[in-house]
Novice: 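Please read through the structure below; I'll follow up with questions.
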Amino acid sequence: MRFASLVLFATALLANPLASPVAAQTGGNAISATTPSRTISLTISLGTATPGGGFPLYGNAFAQAMNVADPSLTIAPRNTKGSNENIPLLEKGELDLALVAGEPAYEAFAGIGRAPVRLKILTAIYSNPGMFVVRADSSYRTIRDLVGQPVAFGAKGSGLPILARYVLDGLGLKQDEDFKAIYLDRAGDGPAMVEDGRVAALWGAGIGWPGFAAVASSASGARFIAPSAEEITRIRAKHAFLKPLLVPAGSYPKQSEPIASLGSWSFVLTREDLPDDVAYRLAKTLHGVEATFCKQLAQACETTASNTVAAAPRPELIHPGVMKYFREIGVVK
């Protein structure tokens, strides 16, 4: 194992048996795991995305939940440029696990624009209903209203611009031609750009996505713009892999009504050669604390064994070690 290595804590740890810090990626908050000196620790690298986005938020919470549940396990999150960097890093063995959005995963598994990947799914993490957010006092109310306007489509290298491209293509729109498309260096930069008028809208996805929460909590407030029912039908006629999804009421401040949209599921993917016993251990640890993880982070309520089976494009894409655990608990036969 190149990065997932068994490390026997030695003299330095014996001097301080409770010290096993894992640096957090955002906000300077440390994620710590207490590892007794008598145990052997399994260290796993986890690629997320740029600060301020949903992947670092989820990745830090994932690491914390896993590290607490198994004191001999250390998940070490790492900021990356997002899904489009995480996939090659996994292929090269420079990451053990990585968060990857549904659209880049779909393209990678299907071999669209590249050879098909041989990576595996550890878990589905959450659904990603895509939509725009604008200031509540703006005049924009439909996707067509945003044509010709400056729009922040997410961070460079993340999966968000890819989801937007499919959604807009289904409506006969081109992201870089029909909009003044802006791609961010940091996902966290988008909300301020909406607030001060540098962009008319910010594209994002998911329930509890930090960018949407920031705009909705701002002084101007937020209005969300998703495809209409007729537009969803048109988009799915061209891109059937996108699924109808719902953003429940109350997912964001002052959001009193549910929002219907469409999108896909994001995943934690593993490098191809992650040993079966390691994947089994990770799955057993994760799904043993589903309820605790849900209380820790709203998005994590969708991280379940049954959702992973339902969200995987094909069963064989789920890691064999994970499938062994799923058979034991009766999620698959």
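None of the values given here were measured: they were computed from a predicted structure.
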Novice: Can a salt bridge be assigned to the pair Arg223 and Glu257 using a cut-off of 4.0 Å between side-chain N and carboxylate O?
Specialist: no
Novice: Students often mix this up, so state it plainly: with edges at 30° and 60°, are the rings of Phe212 and Phe224 parallel, tilted or perpendicular?
Specialist: perpendicular
Novice: Carefully, step by step, assess Glu91 and Val117 under the rule side-chain contact (heavy atoms from CB on, under 4.5 Å).
Specialist: CA-CA 8 Å; Glu91 290 184 293; Val117 298; 3.5 Å; yes
Novice: Between the side chain of Trp203 and the main-chain N/O of Leu160, is any donor-acceptor distance below 3.5 Å?
Specialist: yes
Novice: Do other residues, nucleotides or ligands put more than 12 heavy atoms under 6.0 Å from the CZ atom of Arg198?
Specialist: yes
Novice: Please find the pair of heavy atoms, one from Gly59 and one from Leu99, that lie closest to each other, and give the distance.
Specialist: N-CD2, 4.3 Å
Novice: If you compare all heavy atoms of Ala222 against all heavy atoms of Val215, which two are closest, and at what distance to 0.1 Å?
Specialist: CB-CG1, 3.8 Å
Novice: Determine whether the aromatic ring centres of residues His287 and Phe326 are separated by less than 6.0 angstrom.
Specialist: yes
Novice: I'd like to know if the side chain of Ser138 and the backbone of Arg135 have a donor-acceptor N/O pair within less than 3.5 Å.
Specialist: yes
Novice: Give a yes or no answer on whether the side chain of Asn307 reaches the backbone of Thr303 with a donor-acceptor pair at less than 3.5 Å.
Specialist: no
Novice: Short question: side chain of Lys238, backbone of Tyr166 - any donor-acceptor pair under 3.5 Å?
Specialist: no
Novice: Kindly indicate whether the side chain of Leu242, heavy atoms from C-beta on, has any atom under 4.5 Å from the side chain of Glu103.
Specialist: yes
Novice: Do Gln149 and Tyr140 have side-chain atoms, one donor and one acceptor, less than 3.5 Å apart?
Specialist: yes
Novice: If we only count heavy atoms from C-beta on, is the Ile259 to Pro129 side-chain gap below 4.5 Å?
Specialist: no
Novice: Closest heavy-atom contact between Ala105 and Phe267?
Specialist: CB-CD1, 4.1 Å
Novice: Any donor and acceptor pair, going by atom type alone, linking the side chain of Asn86 with main-chain N or O of Ala98 inside 3.5 Å?
Specialist: no
Novice: Does a side chain donor of either Thr308 or Thr123 reach within less than 3.5 Å of an acceptor in the other side chain?
Specialist: yes
Novice: Would Leu286 and Met66 satisfy side-chain contact (heavy atoms from CB on, under 4.5 Å), going step by step from the backbone distance to the final call?
Specialist: CA-CA 6 Å; Leu286 174 62; Met66 296 284 280; 3.6 Å; yes
Novice: Side-chain contact, heavy-atom cut-off 4.5 Å: Leu297 with Leu57?
Specialist: yes
Novice: Pair Ser264, Asn128 - check side-chain hydrogen bond (donor to acceptor under 3.5 Å, both in side chains), show working.
Specialist: CA-CA 5 Å; Ser264 61; Asn128 279 302; 5.5 Å; no
Novice: Evaluate the criterion side-chain contact (heavy atoms from CB on, under 4.5 Å) for residue pair Lys180 and Val151; output intermediate values, then yes/no.
Specialist: CA-CA 6 Å; Lys180 297 175 183 176; Val151 174; over 6 Å; no
Novice: For residues Leu202 and Val133, determine if any side-chain heavy atom of one lies less than 4.5 Å from a side-chain heavy atom of the other.
Specialist: yes
Novice: Starting at CD1 of Ile162, measure out to CD1 of Ile112 and round the result to the nearest 0.5 Å.
Specialist: 10.5 Å
Novice: Check the pair Glu231 / Arg144 against salt bridge (charged side-chain N to carboxylate O under 4.0 Å, His left out), numbers first and verdict last.
Specialist: CA-CA 11 Å; Glu231 287 174 330; Arg144 290 282 174 182; 5.1 Å; no
Novice: Atom CD of Gln296 and atom CG of Asn60: how far apart are they, to the nearest 0.5 Å?
Specialist: 10.0 Å
Novice: Working to the nearest 0.5 Å, report the span between NZ of Lys295 and CD of Glu290.
Specialist: 13.0 Å
Novice: Taking atom types as modelled and ignoring hydrogens, do the side chains of Glu195 and Ser220 form a donor-acceptor contact shorter than 3.5 angstrom?
Specialist: yes
Novice: Could you report the tightest heavy-atom contact between Asp185 and Thr50, atom names first, then the distance?
Specialist: O-CG2, 3.6 Å
Novice: Of all the heavy-atom pairs spanning Ala205 and Gly130, show the shortest one and how long it is.
Specialist: CB-CA, 3.9 Å
Novice: Thr142 and Ile225: which non-hydrogen atoms are nearest, and at how many Å?
Specialist: C-CG2, 3.6 Å
Novice: Heavy-atom distance under 4.5 Å between the side chains of Pro227 and Ile235, does that happen here?
Specialist: yes
Novice: Between OG1 of Thr80 and CZ of Phe55, what distance do you get to the nearest 0.5 Å?
Specialist: 9.0 Å
Novice: Might you work through the salt bridge (charged side-chain N to carboxylate O under 4.0 Å, His left out) test for Asp70 and Arg281, ending with a clear yes or no?
Specialist: CA-CA 10 Å; Asp70 182 349; Arg281 175 178 171 184; 3.0 Å; yes
Novice: Determine, stepwise, if the pair Glu302 / Ser127 fulfils side-chain contact (heavy atoms from CB on, under 4.5 Å).
Specialist: CA-CA 7 Å; Glu302 294 187 295; Ser127 58; 2.9 Å; yes
Novice: Ring of Tyr280, cation from Lys324 - is the NZ or CZ under 6.0 Å from the centre and inside 45° of the axis?
Specialist: yes
Novice: With a 3.5 Å distance limit and no angle check, can you tell me whether Glu272 reaches the backbone of Arg118 through a side-chain donor-acceptor pair?
Specialist: no
Novice: Between Tyr252 (side chain only) and Trp209 (backbone N and O only), is there a donor and an acceptor less than 3.5 Å apart?
Specialist: yes
Novice: Would you give the length of the straight line joining atom CD1 of Ile318 to atom CE of Met323, rounded to the nearest 0.5 angstrom?
Specialist: 5.0 Å
Novice: When you check the side-chain N and O atoms of Tyr58 and Ser266, is any donor under 3.5 Å from an acceptor?
Specialist: no
Novice: Would the distance check show the side chain of Ser251 and the main-chain N or O of Val247 forming a donor-acceptor pair, the cut-off being under 3.5 Å?
Specialist: no
Novice: Does any part of the side chain of Val147, heavy atoms only, come nearer than 4.5 Å to the side chain of Leu173, both counted from C-beta?
Specialist: yes
Novice: Examine distances only and state if a side-chain atom of Thr48 and a backbone atom of Arg78 form a donor-acceptor pair shorter than 3.5 Å.
Specialist: yes
Novice: Can you classify the ring geometry of Phe153 versus Phe132 as parallel (below 30°), tilted (30 to 60°) or perpendicular (above 60°)?
Specialist: perpendicular
Novice: If I take atom CG from residue Leu89 and atom CG from residue Asn84, how far apart are they, to the nearest 0.5 angstrom?
Specialist: 11.0 Å
Novice: Which residue is it: His239, Gln175, Lys174? I am looking for the one with a side chain to side chain donor-acceptor pair (under 3.5 Å) to Asp169.
Specialist: His239
Novice: Check the pair Glu230 / Arg236 against salt bridge (charged side-chain N to carboxylate O under 4.0 Å, His left out), numbers first and verdict last.
Specialist: CA-CA 10 Å; Glu230 182 272 334; Arg236 295 202 68 234; over 6 Å; no
Novice: Let me know which of Leu97, Asp96, Asp277, Val322 forms a side chain to side chain contact (heavy atoms under 4.5 Å, CB included) with Leu282.
Specialist: Leu97
